[in-house]
Each structure stands twice: as structure tokens, then as C-alpha cells.
Amino acid sequence: MVSTTSQGRQTPAAPPASEPLAIELRGISKAFGPVQANKDINISVHKGSIHGIIGENGAGKSTLMSILYGFYKADSGTILINGKEVHITDSQAAISAGIGMVFQHFKLIENFTVLENVVLGAEDGRLLRPSLAKARKLLKKLSDEYELSVDPDALIEDLSVGHQQRVEILKALYRQADILILDEPTGVLTPAEADHLFRILQGLKEQGKTIILITHKLREIMDVTDSVSVMRRGEMTDTVKTAETSPEELAELMVGRKVLLEVNKAPATPGAPVLEVENLTVVDSHGVTRVKGIDLHVRAGEILGIAGVAGNGQTELLEVLGGYQNGTGTIRLKGEELDLTGSASDGQSRRARGIAHVPEDRHDEGLILEFSAWENIIFGYHHDPEYQKNALIMDNAKIKKIAREKMERFDTRPLNEKLEAKSFSGGNQQKIVLAREIERNPDLLLIGQPTRGVDIGAIEFIHEQIVALRDQGKAILLVSVELDEILSLSDRIAVMFDGNIMGERLPSETDERELGMLMAGINTGADAAQTGGA
Amino acid sequence: MDYLTILQILDSTVRLATPLLLTCLAGLFSERAGIVDIGLEGKLLAAAFMSGAVAYVTGSIWLGLLAGVAASLAFSMLHGLASITFKGDQLISGVALNFLAAGLTVVIGQSWFALGGRTPSLSGNGRFGEWNLPFSDAWSKIPVFGPTYNELISGHTALTYIAILAVPVSWWVLYRTRFGLRLRAVGENPSAVDTAGVSVVRLRYLALVIAGVLCGLAGTYLASLAAGFVKDMSAGRGYIALAALIFAKWRPWYALSATLLFGLLEAIGNRYQSIAIGDFVIPVQFMQALPYILTVVILAGFIGKAIPPRAGGTPYVKER
């Protein structure tokens with residue numbers, strides 16, 4: 001009888017002695033108040049392998065890694081490193097155990113040099129000079145060994161994001177980490193930089209380092225990992241060998257139901273141009289030219305996708321169109337010119353003209369997090385006669401009723417219009433914003449990063465809504481840093497780089513590689529001559 | 001204006017700049033560690049009072065100095081407790097220190113000495129003596145160099161020399177030691193320091209200890225210079241030191257120049273109580289207000305871009 005019960009909850013069988021386990025987590029649980037962030041998690045990671053951890057936002061990946069790096073203490077469970085039980089009480093203990101962590105938001109001192117950042121906390125002795133000299137030598141050795149070249153004397157703030165990430169990896173290697181944990185490492189990288197990162201990781205793996213890759217991107221998991229663990233709602237749903245699984249299966253494990261990864265859409269039947277932009281230039285408050293005289297147009301019934309690495313002018317483009325950034329040039333909506341300055345160039349006038357805007361930054365621009373859902377759902381349209389009871393007061397009861405109906409149509413959960421916006425998950429917050437903007441039946445929808453921080457199940461729904469709006473004959477300008485999203489949603493794709501449109505492609509006639517090159521400012525296509533000089 | 005007058009103004013500049021410099025360096029250490037130190041004024045005042053009181057009772061300014069440093073340290077640790085341990089607002093707890101010092105010194109002073117909040121006058125060993133450097137008399141006859149050496153370089157109190165020495169020492173500590181690297185890092189991005197396995201709390205407390213000691217020296221200097229404690233005798237020097245710190249862009253050598261400039265302005269204001277330009281006489285109030293007016297002018301437009309330590313003002317809370 002004893003044997004049968006023990007068989008029911010068996011941890012993975014011990015591996016053969018030739019393949020020692022680098023990390024073993026046994027029964028890790030962690031609760032924050034009533035929220036069970038991690039529930040009885042078991043993971044075994046083999047030495048010299050790349051292990052992926054995939055899961056939606058809030059699935060508990062970050063909590064688990066924070067426990068492994070000593071930020072939190074687990075309520076129960078044990079951690080074994082190289083077969084020995086360790087007690088990781090703080091980051092110092094994690095470092096001593098040979099764990100290095102590359103955080104999603106880099107932990108670097110912006111105005112320090114690369115060298116200073118690398119030695120910080122791992123200096124030899126009280127004086128700096130000998131430490132720096134030693135680190136310089138070791139850094140050169142590591143750089144050569146793993147394609148990790150960076151200028152040791154460069155200031156962090158002068159480095160590209162990809163290079164900053166290399167510094168983070170170098171920091172871990174300098175501390176002789178054998179286990180490297182990377183949290184969403186490709187979120188800020190160009191496809192080429194991401195490929196370079198994966199080459200580095202392969203190199204590290206060949207040297208016997210163990211790598212844990214936390215991501216929500218299925219493609220990365222499929223491309224680089226040896227095995228993968230899937231987390232859902234604080235639990236480890238499964239651990240599988242990457243070679244023996246498929247993106248569809250992983251998505252299903254993550255969400256708990258079948259998920260449509262491809263977007264189902266009929267070919268577009270574009271009509272007349274709705275939005276025409278000519279020679280648009282945007283200079284920001286620091287005097288930097290962010291958008292350098294671009295031309296583009298979006299027709300009725302089509303989705304124009306703007307691809308590009310964050311920070312190449314897409315944000316400013318959206319802001320000018322949305323009416324809260326100044327620009328110069330010409331913008332026409334259905335043939336009529338829009339004011340770019342003066343009283344008719346604010347967000348409210350733009351909305352009145354039929355331009356709806358789902359901003360890139362949901363928390364700062366899309367919502368007021370402390371306000372309830374029903375209040376958020378009328379922002380920007382709150383002067384509409386239908387929301388007013390009389391000249392002085394608003395008809396709150398009616399607004400709440402309308403809000404609830406909209407939330408219901410957009411499948412917002414929980415369906416409670418009185419809840420503060422911050423109490424909803426990312427996906428449901430986005431649904432509130434979408435409900436507000438789409439339900440007004442705009443001529444043009446500006447939508448930035450529609451699925452950033454949104455879980456897979458909600459992504460599917462949001463994509464369906466965008467396509468449905470297109471099929472009603474509306475024009476949609478989509479800005480996203482996710483190439484997958486651009487490729488699957490857009491009817492035409494424009495790539496922005498350094499404030500210019502590098503090129504325009506049809507999704508059927510291009511691929512990630514070509515778009516990636518354009519995103520890095522390299523145009524090898526037929527239109528290279530025209531845009532190259534711009 | 002003859003050479004000797006210039007020398008006298010410069011000599012008085014050094015005297016007046018000494019407490020500013022010590023306080024400015026105190027602020028430099030705490031702000032570089034990410035703690036906005038608006039409480040410098042309060043620490044200065046607390047140190048001036050305790051040193052004045054103890055120096056009078058014991059008759060020794062050196063014991064007074066110990067007491068002054070202890071008082072300033074106690075205030076500094078209170079600031080630390082509120083803003084580091086309990087993650088309270090640094091500005092509010094700093095301002096609270098200033099109020100606390102302004103009130104406590106007078107109340108305790110009245111209860112101990114019954115002189116309306118003052119301490120009795122200090123004399124003899126109750127004040128710092130002037131250090132006459134070797135040969136200052138013998139060389140005083142040498143033209144130009146002699147008087148310069150005798151008036152300007154020699155004849156200050158020990159604290160002035162300590163203050164000036166503190167400049168290169170601070171620079172060396174900040175830029176050449178492990179502690180300095182970590183201290184600067186914790187003021188820029190504490191979470192990077194934390195993930196590197198170094199205690200943010202410990203570093204910030206250490207910075208406040210240094211700030212406390214330096215403020216203690218400055219406060220004692222004030223009490224010794226004025227031969228006793230008087231209500232509100234710090235007279236805004238803590239704030240001027242903060243202004244000088246911004247002017248100095250949080251760097252030690254710049255701090256020396258900035259505080260010397262403020263000292264010079266004060267010295268000129270003190271010496272030329274009224275200047276007549278033709279028939280128009282510049283009122284004495286204007287001359288006395290000059291250092292403060294210039295503080296505003298300089299801070300408003302003449303320093304270019306001063307980037308404060310990026311994590312300044314925010315208590316460090318581990319993120320989830």
C-alpha cells in the first residue's frame with residue numbers, strides 16, 4: 001500500500017550518474033498572502049543543457065527564479081545544486097552557489113564603465129586598481145572565448161541594449177557562474193541580436209555551463225532549448241524534451257486549452273486611403289529628430305503593420321497621430337487635412353474625427369490604474385452627450401451600464417465594472433482599452449503593442465477583434481515589436497529604423513530574416529536604392 | 001585695495017568656507033549613496049549645541065568635538081532609521097531633523113544653562129587654538145610670500161586643515177576604493193548593488209555615518225568660532241552646503257571650489273558693509289544677502305547640467 005501511494009507523486013527518476021543534475025528543485029511552494037505564486041514545483045535541469053521555462057504572465061516563473069536567486073525565501077521545498085542541498089538566503093548565497101542571473105531589466109549602473117560594472121560586488125581587496133586590472137584581463141579572455149566582445153572602458157549608457165546584455169552575461173561569468181538564468185532576454189533585442197545571443201548561449205553550453213531560459217516566446221523555446229518546463233497558475237504543468245514537443249502542444253499546456261496560434265483571416269479588400277501621411281517629422285523635447293520625414297498611407301479595410309525595434313520612431317509616430325506630440329508635415333484623414341498644431345491637435349479632437357488610439361503604454365497612457373473600469377471605459381469620450389444627465393452632471397448609472405455591456409462583449413474578466421483598472425490582469429486591461437476604442441466605431445484605429453504583457457489566451461481574442469474591425473472596412477495602423485504579430489496580422493508591413501521607413505513588404509513575400517535585416521537598417525531588397533539614401 | 005586687504009579677505013574666506021566644506025562633503029557622501037540629505041542643517045545645529053555645552057562644562061573643545069560628533073551621528077542614524085530601515089520619505093525625515101534640532105537645542109540649552117537657549121561663552125581650551133605653522137613668524141618678512149604664508153596658510157584651527165585634507169581623501173575613497181565604487185553605485189542603482197550580493201542597507205548606513213561625523217566637525221567648528229552656542233547659529237549653512245553640493249555636481253574637488261566661492265561671497269559681504277557708488281550707497285542688508293542671492297542665481301543658471309545620483313531620494317525596496 002505504501003508503494004502505491006508513493007508512486008502517485010513521484011519526482012522525476014534520478015538520472016544516470018554520467019549526467020549529473022545542475023539544479024534540482026523539490027516541492028518549492030511560495031505564497032504571497034492568499035495568492036499561491038508557486039505550488040509544489042519540481043524541476044531537474046541537467047548539467048550542460050539549455051532548459052526553458054515557459055508560461056504566461058503571472059504563471060509564477062519570475063517568483064520561482066527570484067527564489068533561486070535569493071530574493072524570496074520559499075515557504076517549503078529544497079534546492080539542490082550539483083546534488084548538494086543549498087540554502088539560498090540572499091543574492092550573495094546564490095552567487096556563491098554558482099548561479100548568475102540576467103534580469104529582464106538590466107542591473108547595470110548607467111554612468112559606470114563596463115569594467116566597473118563587472119567588478120562591482122566581486123572586487124579583490126579594498127583598492128580598485130588591482131581589481132580593475134585583473135578584470136580587464138579576464139574580460140578579454142571571456143570575450144574571445146564566447147563572442148562576447150565589449151569595450152571594457154565604454155560607459156553603459158553609450159552601449160546598445162544588446163551590448164548591455166552582454167555585460168550582464170560577463171558579470172555572471174566573471175563571478176564564475178556555472179548556471180546562468182536569463183529572464184525574457186530577447187524582449188529588447190533585434191532578431192539579429194537575439195540570434196547572436198543564442199550563439200553565445202550555445203557556446204556557453206558547450207563549455208559545460210547550464211542555462212535556464214525564461215520566456216513567453218514559443219519559437220525561442222523550440223529553437224534553442226533542450227528541454228522545457230511549462231508553468232500555469234503557479235504550478236508546473238509538465239516538463240518535456242523540446243525535440244519531442246510542438247509549439248501547439250506547449251501553448252495548450254500553458255493556457256490549459258487549445259489555442260489558435262495562427263490568425264485566421266481572409267485576404268484584405270482594401271478601399272480608398274483613410275490615412276495619408278506625408279513628410280512627417282517629429283523632433284522630441286531633447287531636440288532629437290525621432291521621425292525623419294516619412295510617408296505612409298493606410299487604406300480602408302487593411303492593416304498596415306509597422307515593425308521595428310523599440311525606439312526607432314514608432315512611438316512618436318503614434319503620438320503625433322494620436323494628437324499628443326508635435327510634428328511637422330501633412331496628415332490627411334479621408335482626404336481632409338488634420339491640424340498638427342493648435343487647439344484642434346489634441347487627443348480629444350482626434351477622437352472626435354474618428355481616430356481611435358490604443359496606446360503602446362497601457363499603464364501610463366491607456367488607463368488610469370487607480371480609477372475603476374467604468375471610468376476608464378469613457379475616457380476621451382467623456383464629453384459625449386450620451387454620457388451626460390444634464391449640463392452639469394454625468395449620468396453615472398448609465399455609464400456603468402454601458403461599461404458593463406462593453407466589457408461583456410469583450411469578454412473582460414472579472415466582469416465587474418466597479419473594480420479598479422489595476423486589479424485586472426494585463427490581458428483584461430487591454431480588453432478594457434480595446435472596448436473603449438473599438439466600440440466607438442472609428443474610421444482609423446491606431447494600435448501600439450496590442451499584446452504586450454498579455455497572455456496567450458487573450459492574444460487570440462485581441463487579434464480576432466482587430467481582424468474583425470478590418471473586415472468592417474476600417475483602417476488599422478498596427479505598431480508592434482513582435483515580428484510574429486506583425487507577420488500574422490498585417491496586410492502590408494512597413495519597417496521603421498532610425499526614424500525612417502526602411503522598406504515596405506507584403507507578408508506573403510517576406511520572412512523574419514528579411515524584416516530583421518530591415519529592422520537593423522540593412523536593406524537588400526529591390527527598393528534599397530530609394531530608401532537607402534533617405 | 002592693497003595686498004594685505006586681499007589677504008585678509010581670503011583668510012576670512014577660508015574661515016567661513018571651512019564649515020561649509022565639511023557640511024558639503026557630508027552631503028556628498030550621503031547623496032552619493034542615494035540619500036537626499038536636507039537634514040544637514042539639523043545635524044550641524046545639534047553638533048554645535050552639544051559641542052558648545054560639553055566644551056563649556058569640561059573646558060575642553062576636544063571633548064566638545066567628541067560630543068558634537070556624537071550628537072550629529074545620533075541625528076544621522078535617526079535619519080537612517082526613518083529613511084533606510086523603515087523606507088520613509090528622505091526629505092520629510094530630513095526636514096523633521098531640522099525642526100527637531102532647532103527646538104531641542106534651545107529647550108535643553110535653557111534647562112541646562114538658563115541663558116535663554118545659549119550656552120555660556122567658551123574661552124581658553126574651550127575653543128580651538130590657531131595652529132601656527134613652522135617658520136610663520138620667521139618668514140613673515142619675506143615680501144609677498146611671507147604675509148601669504150603667515151596670514152592665509154598658517155594660523156587656522158585644526159578643523160580647517162582637516163577639512164581641506166578631507167577633500168583629496170574623499171576623492172580617493174570615492175574613486176579609488178572598493179567602498180567608493182559601491183557607494184557611488186548604490187546612489188545610482190541600488191538594485192544592481194543588491195543583485196551583485198552587496199548589502200544596500202549597510203552601505204547607506206555607512207554613508208550616513210560618514211556624513212554624521214563630518215557634520216559633527218562642522219558644527220563644533222561653528223561653536224568654537226562663535227565661542228559658544230547661540231539659537232539657530234547654523235543660519236542656513238546646511239542649505240547653502242546643499243546648494244554648493246549641486247554647484248559642485250556631487251564631486252569633492254568641485255565642492256572645495258564651490259564652498260570657497262560661497263565663503264568668499266560671505267567674506268566680502270562681511271567686510272564691505274556699505275559700498276558707495278557715486279551718491280548711491282548700497283545698503284548693508286544687500287551686501288549681507290549677497291551670498292544667498294548669488295546662491296539662487298548660480299543654481300538657476302550658471303552651473304550647466306548637474307545630474308544628481310539617479311537613485312537619490314527613493315528608499316530601496318526589493319522588487320518582486
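Lettering of chains follows the sequences in order, A, B, ..., and the numbering in each one begins at 1.
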Please flag which part of Arg184(B) lies under 4.5 Å from any non-hydrogen atom of chain A: side chain, backbone, both or neither.
->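 Both backbone and side chain of Arg184(B) come within 4.5 Å of chain A.
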
Beyond-backbone contact of Val119(A) with Leu181(B), side-chain heavy atoms, under 4.5 angstrom =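 Sidechains of Leu181(B) and Val119(A): in contact.
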
Measure the [atom1]-[atom2] distance between [X] and [Y] for me, rounded to the nearest 0.5 Å.
X         : Y         : atom1 : atom2 : result
Lys171(A) : Thr195(B) : NZ    : OG1   : 5.0 Å
Tyr69(A)  : Asp194(B) : OH    : CG    : 9.0 Å
Ile109(A) : Arg182(B) : CD1   : CZ    : 12.0 Å

Evaluate the criterion side-chain contact (heavy atoms from CB on, under 4.5 Å) for residue pair Glu188(B) and Asn111(A); output intermediate values, then yes/no.
-> CA-CA 8 Å; Glu188(B) 293 288 333; Asn111(A) 55 358; 3.2 Å; yes

Walk me through it: do Leu108(A) and Asn189(B) pass the test side-chain contact (heavy atoms from CB on, under 4.5 Å)?
-> CA-CA 7 Å; Leu108(A) 297 171; Asn189(B) 185 352; 5.6 Å; no

Contact listing (chain A partner; residues 65-88 of chain B; heavy atom under 4.5 Å) =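 Counting heavy atoms that sit under 4.5 Å from chain A, no residue of residues 65-88 of chain B is involved.
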
Just checking heavy atoms, which of residues 162-178 of chain B are less than 4.5 Å from chain A?
->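 Residues of residues 162-178 of chain B touching chain A at under 4.5 Å: Trp172(B), Tyr175(B), Arg176(B), Thr177(B), Arg178(B).
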
Around atom CD of Glu157(A), are there more than 12 heavy atoms of other residues, nucleotides or ligands at under 6.0 Å?
->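 Check passes, neighbour count above 12.
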
Counting only heavy atoms not in Tyr254(B), do more than 12 fall under 6.0 Å of its OH?
->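 Counting other residues, nucleotides and ligands, OH of Tyr254(B) stays at 12 neighbours or fewer.
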
Which pair of heavy atoms, one from Gln92(A) and one from Ala196(B), lies closest together, and at what distance?
->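 In terms of heavy atoms, the two residues are closest at OE1-O, 4.1 Å.
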
Of all heavy-atom pairs between Ile95(A) and Gly197(B), which one has the smallest distance, and what is that distance?
->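 Of all heavy-atom pairs spanning Ile95(A) and Gly197(B), the closest is CD1-N, 4.0 Å.
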
